[in-house]
Amino acid sequence: MRQQSSVGNIFRTVLLAGLIGLALVARPSHAAAEGAEAIPAHYQTSYTLEGQGSFDKAINEVLQVLRIAPDDYLANLRTGWLYYLAGRYDDAVVHYRKAIQLSPRSLEAKLGILLPLMANLRWKEAEATAREVMRSDPGNFLARSRLAFTLFSLGRFKDAEQLYAGLL
């Protein structure tokens, strides 16, 4: 158990370092210098709070990033994820849509938005989004499995069965 915890901590540390680096490189030029310096700390605190299950506090940290840089793709993507975890699905959709607007070819944002859409039983939107991902990446496992579940939920059992069979 301790080894898994160490591996998880190492993974989180490496992921956090990469995301902080991305945030520093990709931050918008209009961000105030003093505010931009705080961005890595907000991300780090957000990840720590998420790990503790304090989703609302983690959201507040990323919202601080969005106050500094409202068009930050990564901050919108992360905020969508945290709102999803907190069960605030409509808010999650708003931030995932913003991330998609900022990076229209982003598969991560499109795969992410599927979760709150499905949780809110917005099956038609989920189907359209999953199909859009599959047009870009036909073999994408997550898009195919989420589409299969969506079709099953819409009562389109044969279509769902075909997708599930292809996944197996």
For this session: Kindly work out whether a path of hydrophobic side-chain contacts (I/L/V/M/F/W/Y, heavy atoms less than 4.5 Å apart) joins Tyr73 to Ile113.
Result: yes
Problem set entry | SB check Asp90 Arg122 (cutoff 4.0 Å) | yes
Exercise. Out of curiosity, does Leu77 fall in the hydrophobic cluster containing Leu111 (side-chain heavy atoms, cut-off under 4.5 Å, transitive links)?
Worked result: no
For this session: Report the C-alpha distance between Glu127 and Arg156 in whole Å, list the side-chain angles of each, state the deciding distance to 0.1 Å, and finish with yes or no for side-chain contact (heavy atoms from CB on, under 4.5 Å).
Result: CA-CA 12 Å; Glu127 178 185 3; Arg156 293 167 50 194; 3.0 Å; yes
Problem set entry | For Glu132, all residues meeting salt bridge (charged side-chain N to carboxylate O under 4.0 Å, His left out), sequence neighbours excluded | Lys110
Problem set entry | Closest approach of Asn76 to Pro70 (non-hydrogen atoms, all atoms of both residues) | ND2-O, 3.3 Å
For this session: State the OG1-CG distance between Thr45 and Asn60, to the nearest 0.5 angstrom.
Result: 12.0 Å
Exercise. Any side-chain heavy atom of Tyr84 within less than 4.5 Å of one from Val93?
Worked result: no
For this session: Mark yes or no for whether Ser54, through its side chain, and Lys57, through its backbone, hold a donor-acceptor pair below 3.5 Å.
Result: no
Exercise. Looking only at heavy atoms, what is the nearest atom pair of Ala160 and Ala148, with distance?
Worked result: CB-O, 3.3 Å
Exercise. Just wondering, do Arg131 and Arg135 contact through their side chains at under 4.5 Å, heavy atoms?
Worked result: yes
Exercise. To the nearest 0.5 Å, what is the distance between CG (Leu154) and CG (Leu121)?
Worked result: 10.0 Å
Problem set entry | Passing candidate, side-chain contact (heavy atoms from CB on, under 4.5 Å) with Arg146, options Thr129, Leu114, Leu163, Val133 | Leu114
Exercise. Step by step, would you call Leu74 with Tyr43 a side-chain contact (heavy atoms from CB on, under 4.5 Å)?
Worked result: CA-CA 10 Å; Leu74 183 61; Tyr43 276 112; 3.7 Å; yes
Exercise. Atom CG in Leu115, atom OH in Tyr89: separation rounded to 0.5 Å?
Worked result: 9.5 Å
Exercise. Do Tyr83 and Val94 share a hydrophobic cluster (ILVMFWY, side-chain heavy atoms under 4.5 Å, transitive)?
Worked result: no
Exercise. Looking only at side chains, do His42 and Glu61 share a donor and an acceptor under 3.5 Å apart?
Worked result: yes
Seminar exercise, completed: Residues His95 and Gly80: closest non-hydrogen pair is CB-N, 3.6 Å
Exercise. How many angstroms lie between atom OG of Ser145 and atom CG of Asn140, to the nearest 0.5 angstrom?
Worked result: 8.0 Å
Exercise. In terms of hydrophobic clustering (I, L, V, M, F, W, Y; side-chain heavy atoms under 4.5 Å; direct or indirect links), are Ile100 and Leu82 co-clustered?
Worked result: yes
For this session: Step through it carefully: locate the ring centre of Phe152, locate the ring centre of Phe157, and say whether they are under 6.0 Å apart.
Result: yes
Problem set entry | Cluster overlap Ile68 with Tyr47, hydrophobic side-chain contacts below 4.5 Å | yes
Problem set entry | Residues Glu50, Arg78; criterion side-chain contact (heavy atoms from CB on, under 4.5 Å); working and verdict | CA-CA 11 Å; Glu50 178 189 359; Arg78 176 141 180 78; 2.8 Å; yes
Seminar exercise, completed: When rounded to the nearest 0.5 Å, the distance separating CG of Leu85 from CZ of Phe55 is 4.5 Å
For this session: Report the C-alpha separation of Arg97 and Gln101 in whole Å, then their side-chain angles, then the decisive distance to 0.1 Å, and conclude whether the side-chain contact (heavy atoms from CB on, under 4.5 Å) test is met.
Result: CA-CA 6 Å; Arg97 285 203 195 288; Gln101 175 192 352; over 6 Å; no
Exercise. If you look only at pairs with a residue in residues 117-142, which of them pass as a ring pair (Phe, Tyr, Trp, His ring centres under 6.0 Å), with sequence neighbours excluded?
Worked result: Trp123-Phe149
For this session: Nearest 0.5 Å please: distance from the OG1 atom of Thr79 over to the CG atom of Leu66.
Result: 4.5 Å
Problem set entry | Contacts of type side chain to side chain contact (heavy atoms under 4.5 Å, CB included), residue Ser136, not counting sequence neighbours | Leu107
